[in-house]
Amino acid sequence: MPNDFNLVVRNARVATACDTFQSDIGIRDGVIAQMGLSLPRGDEEIDAAGRVVTPGGVDGHCHLDQVIPPPAKMADDFLTGTRSAACGGTTTVIPFAAQQKGESLRAAVEEYHRRADGRATIDYGFHLIVVDPTPEVIATELPQLIKEGYTSFKIYMTYDDLKLNDRQMLEMLAAARKHGAMSLVHAENSECIGWLTESLVSNGLTAPRYHATSRPMLVEREATHRAISFAELVDVPILIVHVSGREAVEQIQWARNRGINILAETCPQYLLLTSDDLGIDVDYHGAKCVCSPPPRDSENQNVIWRGLADGTFTILSSDHAPFSFDDEQGKHPNGEQVAFPYIPNGIPGLETRLPLLYTEGVLEGRISLNRFVELTSTNPAKLYGLHPRKGTIAIGTDADLVIWDEVDTTLTNSMLHHAVDYTPYEGRRVRAWPAYTLSRGQIVWDGKEFRGKAGAGQFLRRGLPTLRC
Ligand code: URP
Ligand code: ZN
Ligand code: ZN
């Protein structure tokens, strides 16, 4: 008689966004087939006694192999990026298919499928990045792509090659409303940043740390308020991404109190880094932590922690934007130490997102285990039309699981599986790490080695968002 299951995870302490309970998990053909106590044997067994088991992480914001102006080039492609994600407990990623000016959205989508196909080791979808919202894009391409499962797009209020003007933003939000898509908004005021940058550079203040001076909280607060006003005018929910501190949080809470449907994302860098990590004086190592918005200070970190606990934040993503430090395509463009406006923006974080939040959030008592699951898996799955296939542990759902180990170790880049030559969290103590990660029932990480396969990840045609604030 063949066994009932390909794999049984036995004696698990299962944690979902709402419940924590004891169960075995029987997996057949990549799906959870049965749960309960004393399940029959499987072909393979993992004893999870004494261990927490959560749904695999869903990272709703990461950049992989994204085309950006040379000489910069992202260090991670779909193989190294998804490998790293899996080793840190993430089983679904949603990176970006980024339109170039003058390019059709369809061409961008096809290009990113070529990049991911045969390389992704875990399941993935794509958000669109729309930089050229022509009438054709808005009336024809976008609605068609939304129907095909690209149900969210990011729009930028800053970066010269990416930003939309206010009218274009309104048109994109109106399209989102009409077709039910989710808009992700990068909220920073471009003109203020340009003015401050010019003045800093002309005074010779060009070290990495001035990146933070050029993007103070005010520029994020103003753009957040403007984006909220547009959402109110159009009457459509939006997600403010990578929220960094108090003034943006206040805007979001103000909007919610007025009944405006604003969702919010934050990232580990706003909980764990400060602007001091961008260096002192002319220290170029600070380039490692140049990202936008920049990390703030400890008071702002506390506000972000409170927002995670009190429901202000909907999701926590990595915003993994991978550039190596000692690399002429990375933080040393053409081999140089450059002025801050020329340092590629972004930091790596796909693999460390869950262990750091588990350590600093759950084990330090700042958030519950269930809230951890909600922020990192269930809510992104709902927000991006993947729930219940992804984001929970229940019969009939994909067997994407993390079996957690409580450890006590010092994080070093040599432990990680990305292609970036540093982690901004070097030397931090971590007290939790996946003992196993399962992607559709396959062990992709066993606590020591990556066991996934290039091309095993499936493209996810996503439904419409099923989450409101
Ligand atoms: O600095 C960052 N966050 N780079 C990635 C691009 C973005 O705006 O998310
Ligand atoms: Zn952004
Ligand atoms: Zn980003």
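The analysis underlying the following values was restricted to heavy atoms, covering all of them including side chains, and did not include hydrogens, waters or symmetry mates. Order of listing sets the numbers, starting from 1, for every ligand and every atom in it. The first residue of the sequence shown is numbered 1, and numbering continues consecutively from there.
- A donor-acceptor pair under 3.5 Å is absent between the side-chain atoms of Glu351 and the main chain of Gly88, judged by distance alone.
- Among the backbone and side-chain atoms of Cys62, none of the N, O or S atoms lies under 2.8 Å from the Zn ion (ligand 3).
- Its N, O or S atom nearest to the Zn ion (ligand 3) is what matters here, and for His63 that atom is NE2.
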Acceptor/donor pairs from residues 68-82 side chains to any protein atom, 3.5 angstrom cut, sequence neighbours excluded:
unit_1 : atom_1 : unit_2 : atom_2 : d
Asp76  : OD1    : Thr80  : OG1    : 2.6
Asp76  : OD1    : Ala419 : N      : 2.8
Asp76  : OD2    : His320 : NE2    : 2.8
Asp77  : OD1    : Leu79  : N      : 2.9
Asp77  : OD1    : Thr80  : N      : 2.9
Asp77  : OD1    : Thr80  : OG1    : 3.4
Asp77  : OD2    : Arg119 : NE     : 3.0
Asp77  : OD2    : Arg119 : NH2    : 2.7
Thr80  : OG1    : Asp77  : N      : 3.2
Thr82  : OG1    : Phe78  : O      : 2.4
Thr82  : OG1    : Leu79  : O      : 3.4
Thr82  : OG1    : Thr121 : N      : 2.9
Thr82  : OG1    : Thr121 : OG1    : 3.0

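- Nearest heavy atoms, Pro434 versus Pro355: CD-CG, 4.2 Å.
- Under the 6.0 Å cut-off for aromatic ring centres, Tyr270 and His242 do not qualify, their centroids lying 6.0 Å or more apart.
- Taking the six-membered ring where tryptophan is involved, the planes of Phe126 and Tyr124 are perpendicular, since the angle between them exceeds 60° and thus also 30°.
- The Zn ion (ligand 2) has no N, O or S atom of Leu184 inside 2.8 Å of it.
- No other N/O/S atom of His242 lies as close to the Zn ion (ligand 2) as NE2 does.
- Applying the ring-ring contact (aromatic ring centres under 6.0 Å, His included) rule to Trp195 yields no partners; only residues at least two apart in sequence or on another chain are considered.
- Note: angle at the Zn ion (ligand 2), from ND1 of His186 to NZ of Lys154, is 130° (rounded to 10 degrees).
- Note: Tyr210 and Phe340 have tilted aromatic rings, judged against thresholds of 30 and 60 degrees for the angle between ring planes.
- Looking only at N/O/S atoms, Asp319 comes nearest to the Zn ion (ligand 3) through OD1.
- Using a heavy-atom distance under 4.0 Å as the criterion, the protein contacts of ligand 1 are His61, His63, Lys154, Tyr156, Tyr159, His186, His242, Cys291, Ser292, Asp319, Ala321, Asn345, Gly346.
- With sequence neighbours excluded, the residues satisfying salt bridge (charged side-chain N to carboxylate O under 4.0 Å, His left out) with Arg440 are Asp123.
- Between Tyr284 and Phe325, the two ring planes are tilted [angle within 30° to 60°].
- Checking His61 against the Zn ion (ligand 2), every N/O/S atom stays at or beyond the 2.8 Å cut-off.
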